[in-house]
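Presented below is the structure to which this report refers.
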Amino acid sequence: MEYKVFVRELTGERCDPKEMSRKLCADAINAYCAMERVEMPQTEEGEGFTPEDFMEEEKGKPYLLGNPVHFSVSHSGLLWLCMVGGAPCGIDIQQEQDCSYEKISARHFNEVEQEYIGREGLPGFFRLWTMREAYGKYTGRGFYGEMPSLVSEDGQPATEAGGVFFHEIEIGSGIYCTCCTGGKDDEILFVG
């Protein structure tokens, strides 16, 4: 399966973040549908999805009525990402920042994961955090839902857990990005 990740650098202008994200999602999904020749709705204004076409599941996972494509959204700082494909997916991006990661990990991660974070420090915390967020978006259960261990038997971040696969994407120093898909060999292509 091939997924496309649409990247936007935000300007920092003040606006309603949810409204802005829906507009950017519509733009990304319309671009994906045009590239992949996926049928889009016809409106008086033209062809394509609009911000009003988005719905939310009970735990907040966005979707389009009829599910013509699957997508996941994340942002951190001025970076915004939308992953789009023909099957479920999840994406998360985090820019490293100082935080009480030991306290946070004690609340949200299991003992093996906490040991990994203890060894790896802040970078280890953000690696697992993006995995947890991407998994929660993939499943639609959110960050606090039931989750498999994110650290494998060799003490490293898992590449597969709970029937899904994690794909870490290198973006830049101090920026962590993880995608979650149903296939080990899924391709993830970034579109500017």
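Since the structure is predicted, the reported quantities are computational estimates derived from the model, not experimental observations. In what follows, every heavy atom counts, from backbone to side chain, and hydrogens, waters and symmetry copies are set aside.
- Side chain of E113 to main chain of L150: a donor-acceptor pair is present (N/O by atom type, distance under 3.5 Å, no hydrogens or angles).
- In this model, a donor atom of one side chain and an acceptor atom of the other lie less than 3.5 Å apart for T181 and H167.
- Remark: H75 NE2 is loosely packed, at most 12 non-hydrogen atoms of other residues, nucleotides or ligands lying under 6.0 Å away.
- Remark: L24 CG to L10 CG distance equals 6.5 Å, nearest 0.5 Å.
- Linking ILVMFWY residues whenever their side-chain heavy atoms come closer than 4.5 Å, directly or via other members, places V5 and L79 in the same cluster.
- No side-chain heavy atom of Q156 sits under 4.5 Å from any side-chain heavy atom of V151.
- When the ring pair (Phe, Tyr, Trp, His ring centres under 6.0 Å) test is applied to Y176, the partners found at least two apart in sequence or on another chain are F126.
- A heavy-atom distance below 4.5 Å is found between the side chains of I104 and W129.
- Here the CD1-CG distance, from I117 to L128, works out to 4.5 Å after rounding to the nearest 0.5 Å.
- Under a 4.0 Å N-O distance rule, the pair E102/R107 does not qualify as a salt bridge.
- For the atom pair Q97 CD and Q95 CD, the distance stands at 8.5 Å (nearest 0.5 Å).
- Between F54 and F71, the ring center distance clears the sub-6.0 Å criterion.
- For the residue pair C33 and F49, the shortest heavy atom distance occurs at SG-CE1, 4.0 Å.
- The CG atom of D92 lies 8.0 Å from the OG atom of S72; values are rounded to the nearest 0.5 Å.
- For Y3 (side chain) and P88 (main-chain N/O), a donor-acceptor pair under 3.5 Å exists by modelled atom type.
- Annotation: E56, atom CD; neighbour count of heavy atoms from other residues, nucleotides and ligands within 6.0 Å is above 12.
- Under the 4.5 Å side-chain contact rule for hydrophobic residues, V191 and I175 do not share a cluster.
- Atom CD1 of I93 and atom OG1 of T178 lie 10.0 Å apart (nearest 0.5 Å).
- Contact of the P157 side chain with the E168 side chain is registered, since non-hydrogen atoms from C-beta on lie closer than 4.5 Å.
- Under a hydrophobic-cluster definition in which Ile, Leu, Val, Met, Phe, Trp and Tyr are linked whenever side-chain heavy atoms come within less than 4.5 Å, directly or via other members, F190 and F6 are assigned to different clusters.
- L78 and T11 make their closest contact through CD2-C, 4.5 Å (heavy atoms, listed as atom of the first residue, atom of the second, distance).
- Counting only distance, with no hydrogens or angles, the side chain of R119 and the backbone of G155 share a donor-acceptor pair below 3.5 Å.
- The closest side-chain heavy-atom distance from V73 to L81 is not below 4.5 Å.
- Counting non-hydrogen atoms of other residues, nucleotides and ligands closer than 6.0 Å to CD of E19 gives a total of 12 or fewer.
- For Y135 against R141, the heavy-atom pair with the smallest separation is OH-NH2, 3.9 Å.
- Around the CD atom of E111, the shell of radius 6.0 Å holds no more than 12 heavy atoms that belong to other residues, nucleotides or ligands.
- For the pair V7/W80, no side-chain contact is recorded, criterion being any heavy-atom separation below 4.5 Å from C-beta on.
- Expressed to the nearest 0.5 Å, how far SG of C89 lies from CD1 of I91 amounts to 8.0 Å.
- Using a 4.5 Å cut-off on side-chain heavy atoms (C-beta onward), C179 and M83 make contact.
- Contact annotation: the side chain of I29 approaches that of V69 to within less than 4.5 Å [non-hydrogen atoms, C-beta and beyond].
- Across all non-hydrogen atoms, the minimal contact from A26 to P51 is CB-N, 4.1 Å.
- Ion pair E160/K184 not flagged as a salt bridge, since none of the NZ, NE, NH1 or NH2 atoms sits closer than 4.0 Å to an Asp/Glu carboxylate oxygen.
- Remark: the backbone N or O of M1 is paired with a side-chain donor or acceptor of D186 at under 3.5 angstrom.
- V84 and I169 sit in two unconnected hydrophobic clusters of ILVMFWY residues. Membership requires side-chain heavy atoms under 4.5 Å apart, directly or through other members.
- Between P123 and E96, the closest side-chain pair of non-hydrogen atoms falls below 4.5 Å.
- Applying the side chain to side chain donor-acceptor pair (under 3.5 Å) criterion to N30, with sequence neighbours excluded, gives no partner residue.
- A distance-only check finds no donor-acceptor pair linking the side chain of R132 to the backbone of F109 [under 3.5 Å].
- Minimum interatomic distance between K137 and S74 (heavy atoms only, all atoms of both residues): NZ-CB, 3.4 Å.
- Below 30°, between 30° and 60°, or above 60°: for F125 and Y101 the angle between ring planes is between 30° and 60°, a tilted geometry.
- A salt bridge links K4 with E36; the closest basic N to acidic carboxylate O contact falls under 4.0 Å.
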